[in-house]
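The structure under discussion appears below in the form of structure tokens.
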Amino acid sequence: MGIKGLTKLLADNAPRGMKEQKFESYFGRKIAIDASMSIYQFLIVVGRSGTEMLTNEAGETTSHLVGMFSRTIRLLEAGIKPVYVFDGKPPDLKKQELAKRYSRREDATDDLAKATEIGNKEDIEKFSKRTVKVTPQHNDDCKKLLRLMGVPVVEAPSEAEAQCAALCKAEKVYAVASEDMDSLTFGASRFLRHLMDPSSKKIPVMEFDISQILEELELSMDQFIDLCILCGCDYCDSIRGIGPQTALKLVRQHGSMESILENINKERYQIPDDWPYEEARRLFKEPLVTDDEQTELKWAAPDEEGLINFLVKENGFNIDRVTKAVEKIKTAKTKSSQGRYELLSKNLLMVNDVGKNCHSLNFFKS
DNA sequence: ATTCTGTCTCAAGACGAA
DNA sequence: CCCTCTTGAGACAGAAT
DNA sequence: TTAGTCC
């Protein structure tokens with residue numbers, strides 16, 4: 001669920017922290033992506049009609065592979081270096097939320113059974129989408145595919161979004177691309193939305209800059225985290241009667257959650273019993289992530305033979321499509337290995353934020 | 001009369017031929 | 001032992017100020 | 001731009 005209403009709150013109160021960018025301006029950039037979210041979308045939409053999906057000869061779903069394969073090629077061709085981050089075990093505080101989602105899926109499964117019995121096509125379509133879930137098998141398939149393509153895979157110990165943000169903070173990647181606003185709360189310095197939306201949709205990439213946002217809101221990062229908890233996050237309930245607007249007002253007025261809790265009218269606002277805001281805060285501020293300085297992210301050459309084995313022989317892909325794709329990856333790789341620096345100095349690449357970032361020593365690194 | 005919250009519903013890819 | 005893992009936006013009703 | 005296919 002991310003943070004409720006945060007996009008609108010930022011659009012209204014910190015517009016300078018968000019700016020539109022062209023897809024092309026991310027040439028040569030390393031970008032961290034939450035894999036589960038992508039896989040989920042592919043399972044819902046790729047090749048689905050009714051309960052039918054794309055499958056291999058054994059009848060196993062391949063929608064996630066088809067989607068992941070073509071999307072990753074698209075990114076590589078644009079000179080973007082993607083890092084896919086996979087979820088580990090969710091934190092205990094999220095269990096409640098996950099239980100709700102589980103029961104919602106159960107409901108949808110029942111609804112689907114009824115619709116199938118009656119034969120209502122629209123309902124079958126609708127409910128079957130709601131029963132979709134990402135399994136460990138889907139994740140393993142995609143990890144294998146990405147490694148064969150030469151794209152780095154990171155396995156997060158816990159939340160993928162938190163791991164993405166950590167990579168960004170450590171300047172191992174330039175930005176986190178996601179549709180989930182949690183990324184900002186986890187402290188990603190740069191956060192991109194709509195990176196994957198095709199240009200035909202005419203939606204520009206929206207880049208969020210956390211330091212700019214904090215400056216404009218006149219909040220510290222700790223205060224921003226308290227703000228997000230008040231708005232409503234996955235880790236604990238929000239307080240009835242407090243939404244984004246009042247949350248911002250309260251944080252600005254009192255400065256911290258402790259002070260807010262001391263000062264607000266407890267008659268009007270009922271604080272839940274044993275409200276675990278401190279633990280939620282800790283999960284955002286110090287999430288469980290791996291931070292091995294040694295491991296360098298590497299974009300290797302694709303393993304053509306391995307890809308043909310996996311995609312064509314095991315999963316029924318068209319062989320021409322795969323061999324053509326391998327060529328695309330190779331040429332994209334030589335082009336982008338030339339790097340951002342050469343292209344910038346030859347004026348082959350136009351970006352509008354050069355001046356702002358040039359002072360950073362790590363400008364060309366990520 | 002607004003402003004705000006809570007709840008419910010929907011929609012979510014990508015390629016290439018025509 | 002079970003099972004484990006995505007979400008934002010918009011419309012609308014109704015409460016609070 | 002749009003309807004069909006990808007497996």
Side-chain angles (χ1 to χ4, degrees), chain A residues 1-9 11-12 33-49 52-75 77 85-92 94-95 97-99 101-102 104-106 122 125-126 129-130 132-139 142 155-156 158-161 178-183 193-194 196-202 206 230-232 234 237-249 268-269 311-312 314-322 324-325 328:
Chain A
M1 235 181 331
I3 311 298
K4 282 180 198 148
L6 186 58
T7 314
K8 195 170 181 308
L9 187 76
D12 293 343
I33 301 169
D34 176 359
S36 313
M37 165 101 32
S38 313
I39 295 172
Y40 188 82
Q41 289 179 342
F42 295 143
L43 288 175
I44 281 181
V45 81
V46 175
R48 167 188 292 273
S49 75
E52 301 292 308
M53 324 235 337
L54 303 181
T55 60
N56 59 21
E57 278 193 356
E60 296 158 331
T61 300
T62 53
S63 296
H64 54 309
L65 293 172
V66 176
M68 185 67 83
F69 190 55
S70 43
R71 172 173 290 180
T72 304
I73 285 162
R74 201 178 124 218
L75 289 172
E77 281 194 294
V85 181
F86 288 78
D87 272 308
K89 288 179 186 166
D92 287 345
K94 211 170 174 176
K95 287 234 168 85
E97 178 64 26
L98 294 177
R101 290 176 193 169
Y102 179 73
R104 249 177 269 153
R105 221 174 12 239
E106 291 284 278
E122 278 184 21
E125 187 77 31
K126 189 163 68 181
K129 283 183 183 175
R130 287 188 206 164
V132 166
K133 79 176 162 186
V134 178
T135 66
Q137 183 63 54
H138 295 135
N139 278 330
C142 288
E155 312 208 29
S158 187
E159 302 259 49
E161 290 294 344
S178 170
E179 300 307 312
D180 183 350
M181 296 298 292
D182 280 356
S183 305
R193 297 186 85 190
H194 310 306
M196 316 302 179
D197 290 2
S199 48
S200 61
K201 278 197 196 165
K202 291 185 177 173
M206 188 64 76
L230 281 171
C231 287
D234 283 350
D237 291 331
S238 50
I239 300 170
R240 192 175 187 85
I242 296 181
Q245 304 293 330
T246 24
L248 179 58
K249 219 176 290 173
R268 182 174 305 295
Y269 300 113
L311 293 180
V312 180
E314 292 177 35
N315 288 291
F317 276 52
N318 179 296
I319 189 163
D320 288 341
R321 239 168 70 84
V322 175
K324 274 180 193 161
K328 282 185 188 174

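The structure displayed is predicted, hence computed values, not measured ones. These values consider heavy atoms only, across backbone and side chains, with no hydrogens, waters or symmetry-generated copies. Note on naming: letters A, B, ... go to the chains in the order of the sequence lines (proteins, then strands), and numbering restarts at 1 for each one.
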[X] side, atom [atom1]; [Y] side, atom [atom2] - distance, nearest 0.5 Å:
{"X": "A:E314", "Y": "A:E57", "atom1": "CD", "atom2": "CD", "answer": "11.5 Å"}
{"X": "A:K133", "Y": "A:H138", "atom1": "NZ", "atom2": "NE2", "answer": "10.0 Å"}
{"X": "A:I239", "Y": "A:R268", "atom1": "CD1", "atom2": "CZ", "answer": "14.0 Å"}
{"X": "A:D180", "Y": "A:E159", "atom1": "CG", "atom2": "CD", "answer": "9.0 Å"}
{"X": "A:R48", "Y": "A:M53", "atom1": "CZ", "atom2": "CE", "answer": "4.5 Å"}
{"X": "A:H194", "Y": "A:S178", "atom1": "NE2", "atom2": "OG", "answer": "11.0 Å"}

Nearest-Å distance, [atom1] ([X]) to [atom2] ([N])?
{"X": "A:L6", "N": "C:dT7", "atom1": "CG", "atom2": "P", "result": "14 Å"}
{"X": "A:M196", "N": "C:dT7", "atom1": "CE", "atom2": "P", "result": "16 Å"}
{"X": "A:K133", "N": "C:dC3", "atom1": "NZ", "atom2": "P", "result": "7 Å"}
{"X": "A:D182", "N": "C:dT6", "atom1": "CG", "atom2": "C1'", "result": "11 Å"}
{"X": "A:E161", "N": "C:dT7", "atom1": "CD", "atom2": "P", "result": "7 Å"}
{"X": "A:F42", "N": "C:dT7", "atom1": "CZ", "atom2": "P", "result": "16 Å"}
{"X": "A:Q41", "N": "B:dA12", "atom1": "CD", "atom2": "C1'", "result": "5 Å"}
{"X": "A:I44", "N": "B:dA11", "atom1": "CD1", "atom2": "C1'", "result": "8 Å"}

Rounding to an integer number of angstrom, what distance separates [N] and [M] when you compare their [atom1] atoms?
{"N": "D:dT2", "M": "B:dA14", "atom1": "C1'", "value": "14 Å"}
{"N": "B:dA11", "M": "D:dT5", "atom1": "P", "value": "23 Å"}
{"N": "B:dC10", "M": "D:dC6", "atom1": "P", "value": "30 Å"}
{"N": "B:dG13", "M": "C:dA9", "atom1": "P", "value": "14 Å"}
{"N": "B:dC15", "M": "C:dT7", "atom1": "P", "value": "26 Å"}

>> Suppose we screen for salt bridge (Lys or Arg N to Asp or Glu O under 4.0 Å). Which residues come up paired with A:E155, at least two apart in sequence or across chains?
In response: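 Once residues adjacent in sequence are excluded, the partners of A:E155 under the salt bridge (Lys or Arg N to Asp or Glu O under 4.0 Å) criterion are A:K143, A:R147.
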
> Considering residues at least two apart in sequence or located in another chain, which fulfil the salt bridge (Lys or Arg N to Asp or Glu O under 4.0 Å) criterion with A:K8?
Replying inline: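 For A:K8, the residues satisfying salt bridge (Lys or Arg N to Asp or Glu O under 4.0 Å) (neighbours in sequence not counted) are A:D12.
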
Any protein N or O atoms within reach of nucleotides 2-9 of chain B? Criterion: under 3.5 Å, listing atom names and distances.
residue	atom	partner	partner atom	Å
B:dT5	OP1	A:G243	N	2.4
B:dT5	OP1	A:G243	O	3.0
B:dT5	OP1	A:P244	N	3.3
B:dT5	OP1	A:T246	OG1	2.8
B:dT5	O5'	A:G243	N	3.4
B:dG6	OP1	A:G241	N	2.8

>> Would you say that A:L75 contacts A:I33 through its side chain, given a criterion of any heavy-atom pair below 4.5 Å between the two side chains?
In response: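 In short, these two side chains touch, coming nearer than 4.5 Å.
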
> Under the side chain to side chain donor-acceptor pair (under 3.5 Å) rule, what pairs show up with a residue in residues 61-71 of chain A, not counting sequence neighbours?
Replying inline: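 Non-adjacent pairs meeting side chain to side chain donor-acceptor pair (under 3.5 Å): A:H64-A:D141.
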
>> Which residues pass the side-chain contact (heavy atoms from CB on, under 4.5 Å) test with A:S238, not counting sequence neighbours?
In response: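 Partners of A:S238 by the side-chain contact (heavy atoms from CB on, under 4.5 Å) criterion, ordered by chain and then number, come out as A:K4.
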
> Looking at residues at least two apart in the chain, or sitting in another chain, which of them share a side-chain contact (heavy atoms from CB on, under 4.5 Å) with A:N318?
Replying inline: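 A:N318 satisfies side-chain contact (heavy atoms from CB on, under 4.5 Å) with A:D320, A:R321 once adjacent residues are dropped.
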
> Any idea which heavy atoms bring A:A160 and A:F86 closest together, and the distance?
Replying inline: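 So the minimum-distance heavy-atom pair works out to CB-C, 4.1 Å.
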
> Using a 3.5 Å cut-off on both pairing distances, which stems of three or more Watson-Crick or G-U pairs include DNA chain D?
Replying inline: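 Looking at DNA chain D, the stems formed by three or more consecutive pairs are B:13-15 with D:4-6.
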
> Of the candidate nucleotides B:dG16, B:dA14, C:dG8, which contains the atom at the shortest distance from the side chain of A:D180?
Replying inline: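 Nearest nucleotide to the side chain: C:dG8.
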
>> Using side-chain contact (heavy atoms from CB on, under 4.5 Å), reason through A:L65 and A:F69 one step at a time and then give a plain yes or no.
In response: CA-CA 6 Å; A:L65 293 172; A:F69 190 55; 5.9 Å; no

Just the table, please: protein N/O against nucleotides 9-11 of chain C N/O, every pair under 3.5 Å.
residue	atom	partner	partner atom	Å
C:dA9	OP1	A:R193	NH1	3.3
C:dA9	OP2	A:T7	OG1	3.3

Enumerate all atom pairs, one protein N or O and one N or O from nucleotides 14-17 of chain C, separated by less than 3.5 Å.
residue	atom	partner	partner atom	Å
C:dT17	OP1	A:R268	NE	2.8
C:dT17	OP1	A:R268	NH1	3.0
C:dT17	OP2	A:R268	NH1	2.8
C:dT17	OP2	A:R268	NH2	3.3

Enumerate donor-acceptor pairs with a distance under 3.5 Å from any side-chain N or O in residues 240-248 of chain A to protein atoms, sequence neighbours excluded.
residue	atom	partner	partner atom	Å
A:T246	OG1	A:G243	N	3.2
A:T246	OG1	A:G243	O	3.4

Nucleotide N/O of nucleotides 3-7 of chain D paired with protein N/O under 3.5 Å:
residue	atom	partner	partner atom	Å
D:dC7	OP1	A:N318	N	3.1
D:dC7	OP1	A:R321	NE	3.2
D:dC7	O3'	A:T62	OG1	3.3
D:dC7	O3'	A:N315	O	2.1
D:dC7	O2	A:T55	N	2.8
D:dC7	O2	A:T55	O	3.4

> What base-paired stems does DNA chain C take part in, with at least 3 consecutive Watson-Crick or G-U wobble pairs and both distances under 3.5 Å?
Replying inline: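 If one scans DNA chain C for consecutive Watson-Crick or G-U pairs, the stems found are B:1-12 with C:6-17.
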
